[in-house]
Amino acid sequence: MQDTMAQKMIKHKYLLLMFLPCLLYYILFKYVPMFGIVISFKNYNPFVGVMGSEWVGFKYYVMFFNNPDLLKLLRNTFLLGMYKLIFGFPAPIVLALLLNELKNMVFKRFVQTISYLPHFISNVIVASMVVMFLSPSGGIVNKLIEAFGFEKINFMLMPDMFRSVYVFSEIWQHVGWETILYLAALTSIDPMLYEASEMDGASRLRKLWHVTIPGIAPTIVILLILNVGKVIEIGFEKVFLLYNPATYETADILSTYVYRVGLMQGNFSYASAIDVFTGLVSLVFIVSTNYASRKLSETSLW
């Protein structure tokens, strides 16, 4: 006879206890704050509170859709997110495959440690390092450019270079940490598959293509779905630290615009409406990608 729900909970009480902090985190910091969405439908006044503020319906959503900068903000946000997905998503996969092929375990651990250490550096320090390395008055990058006989480039004042600088800094900072997930997935591949392929005369490249990559394909698909959902939710902090008025043309995104109108101008209702719109777009992206994955493969989030 199958166990009842109560019996299952008693049986797995220690696992549920370990899960409790995670559950509390999402309840307190993800679900409870959803009540704040109502601000986007009100003319919010912090002195009278949410309930005392005047209800204005879709006023701020209409204001956002009529904003002359809307297309620029959407374009910048989408392009920055897509560049990060196109170039940043494959990077940890490639690094994990390369590390998996290393036979020298000491060197492998050294490379892995060096690669994931930047993940623990704050965005403030990373942004400062980027600005310092790219400085035209003494940055190492411009020194190398001068050494090859070319003129110095002021990267941080060039709108066309902002996306490249941002994406490269993201890859450098997070590639090692994200590689850990793929290395963990690689350990679940049955070694007998490699032995069978060797008996069939497969080369290392063939084993990589026909055994290793299919073995981590479910992990790749799940992380791809999650990353597609974040395309339009580019983090505010690093963009804010790297951009300046000279690069607004390509660097100004939804989150930085929300910061200006919400915190600097005090228009909390308008900023909340933009955030709700961003969340809905992300929801559409992740649901669509999950649906396509379920139709094309056997792997999906739900």
Side-chain angles (χ1 to χ4, degrees), residues 8 11-12 14-15 18-19 22 79-121 126 163-164 166-231 233 282 285-302:
K8 288 181 178 179
K11 181 179 179 181
H12 302 291
Y14 295 113
L15 291 176
M18 292 174 63
F19 175 70
C22 180
L79 286 178
L80 201 59
M82 283 302 299
Y83 287 165
K84 182 181 175 182
L85 180 68
I86 293 171
F87 297 105
F89 180 74
I93 301 174
V94 174
L95 181 58
L97 294 175
L98 291 174
L99 289 173
N100 189 56
E101 293 297 317
L102 288 177
K103 301 302 181 184
N104 189 325
M105 296 305 297
V106 175
F107 182 68
K108 178 179 178 178
R109 292 194 186 97
F110 173 76
V111 173
Q112 189 176 350
T113 302
I114 293 298
S115 64
Y116 74 63
L117 279 178
H119 175 79
F120 300 99
I121 303 175
V126 170
R163 293 179 186 131
S164 300
Y166 176 84
V167 172
F168 179 81
S169 68
E170 280 287 290
I171 294 174
W172 173 76
Q173 185 177 6
H174 300 297
V175 65
W177 181 255
E178 294 171 359
T179 298
I180 296 174
L181 296 173
Y182 297 106
L183 289 174
L186 287 168
T187 61
S188 65
I189 300 176
D190 190 349
M192 294 183 65
L193 295 174
Y194 290 105
E195 294 174 4
S197 61
E198 284 182 5
M199 292 177 64
D200 290 336
S203 63
R204 293 181 70 176
L205 185 60
R206 285 288 183 182
K207 287 188 288 184
L208 175 69
W209 186 255
H210 294 289
V211 179
T212 306
I213 294 179
I216 63 173
T219 303
I220 293 174
V221 172
I222 293 298
L223 291 176
L224 177 61
I225 295 171
L226 294 174
N227 276 272
V228 169
K230 297 177 182 177
V231 163
E233 292 186 352
S282 297
F285 279 2
I286 197 169
V287 170
S288 302
T289 309
N290 187 76
Y291 176 80
S293 176
R294 191 170 63 247
K295 290 294 184 181
L296 299 175
S297 68
E298 298 180 355
T299 305
S300 63
L301 286 174
W302 64 86

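Source: prediction; values computed, not measured.
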Restricting to non-hydrogen atoms, name the atom on [X] and the atom on [Y] that form the minimum distance, rounded to 0.1 Å.
{"X": "F285", "Y": "G229", "answer": "CB-CA, 4.4 Å"}
{"X": "G176", "Y": "L95", "answer": "CA-CD2, 4.3 Å"}
{"X": "A91", "Y": "I171", "answer": "CB-CG2, 4.0 Å"}

[atom1]/[X] to [atom2]/[Y] distance, rounded to the nearest 0.5 angstrom?
{"X": "M192", "Y": "S197", "atom1": "CE", "atom2": "OG", "answer": "11.5 Å"}
{"X": "K8", "Y": "L15", "atom1": "NZ", "atom2": "CG", "answer": "14.0 Å"}
{"X": "L193", "Y": "K207", "atom1": "CG", "atom2": "NZ", "answer": "11.5 Å"}
{"X": "I93", "Y": "T212", "atom1": "CD1", "atom2": "OG1", "answer": "13.0 Å"}
{"X": "I121", "Y": "W172", "atom1": "CD1", "atom2": "CH2", "answer": "4.5 Å"}
{"X": "L99", "Y": "R109", "atom1": "CG", "atom2": "CZ", "answer": "12.0 Å"}

*Give a yes or no answer on whether the side chain of D200 reaches the backbone of A202 with a donor-acceptor pair at less than 3.5 Å.*
no
*Any donor and acceptor pair, going by atom type alone, linking the side chain of S293 with main-chain N or O of T289 inside 3.5 Å?*
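Checked: no pair found.
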Determine whether [X] and [Y] make a side-chain contact, defined as any pair of heavy atoms from C-beta on separated by less than 4.5 Å.
{"X": "I213", "Y": "L97", "value": "yes"}
{"X": "N100", "Y": "L208", "value": "no"}
{"X": "K230", "Y": "L85", "value": "no"}
{"X": "V228", "Y": "N290", "value": "no"}

*asked:* I'd like to know whether Y83 forms a side-chain hydrogen bond (donor to acceptor under 3.5 Å, both in side chains) with S164, so could you lay out the CA-CA distance, the side-chain angles of the two residues, the decisive distance to 0.1 Å, and finally the verdict.
replied: CA-CA 8 Å; Y83 287 165; S164 300; over 6 Å; no
*Check the surroundings of atom NZ in K108: do more than 12 heavy atoms from other residues, nucleotides or ligands lie under 6.0 Å from it?*
yes
*Within a radius of less than 6.0 Å around OH of Y14, do more than 12 heavy atoms belonging to other residues, nucleotides or ligands occur?*
no
*Mind telling me whether H119 and W177 have parallel, tilted or perpendicular rings, with 30° and 60° as the class edges?*
parallel
*Give the C-alpha distance, both sets of side-chain angles, the deciding distance and a yes or no for side chain to side chain contact (heavy atoms under 4.5 Å, CB included) between L224 and F89.*
CA-CA 8 Å; L224 177 61; F89 180 74; 3.6 Å; yes
*May I have the step-by-step check of side chain to side chain contact (heavy atoms under 4.5 Å, CB included) for Q112 and L183, ending in yes or no?*
CA-CA 10 Å; Q112 189 176 350; L183 289 174; 3.4 Å; yes
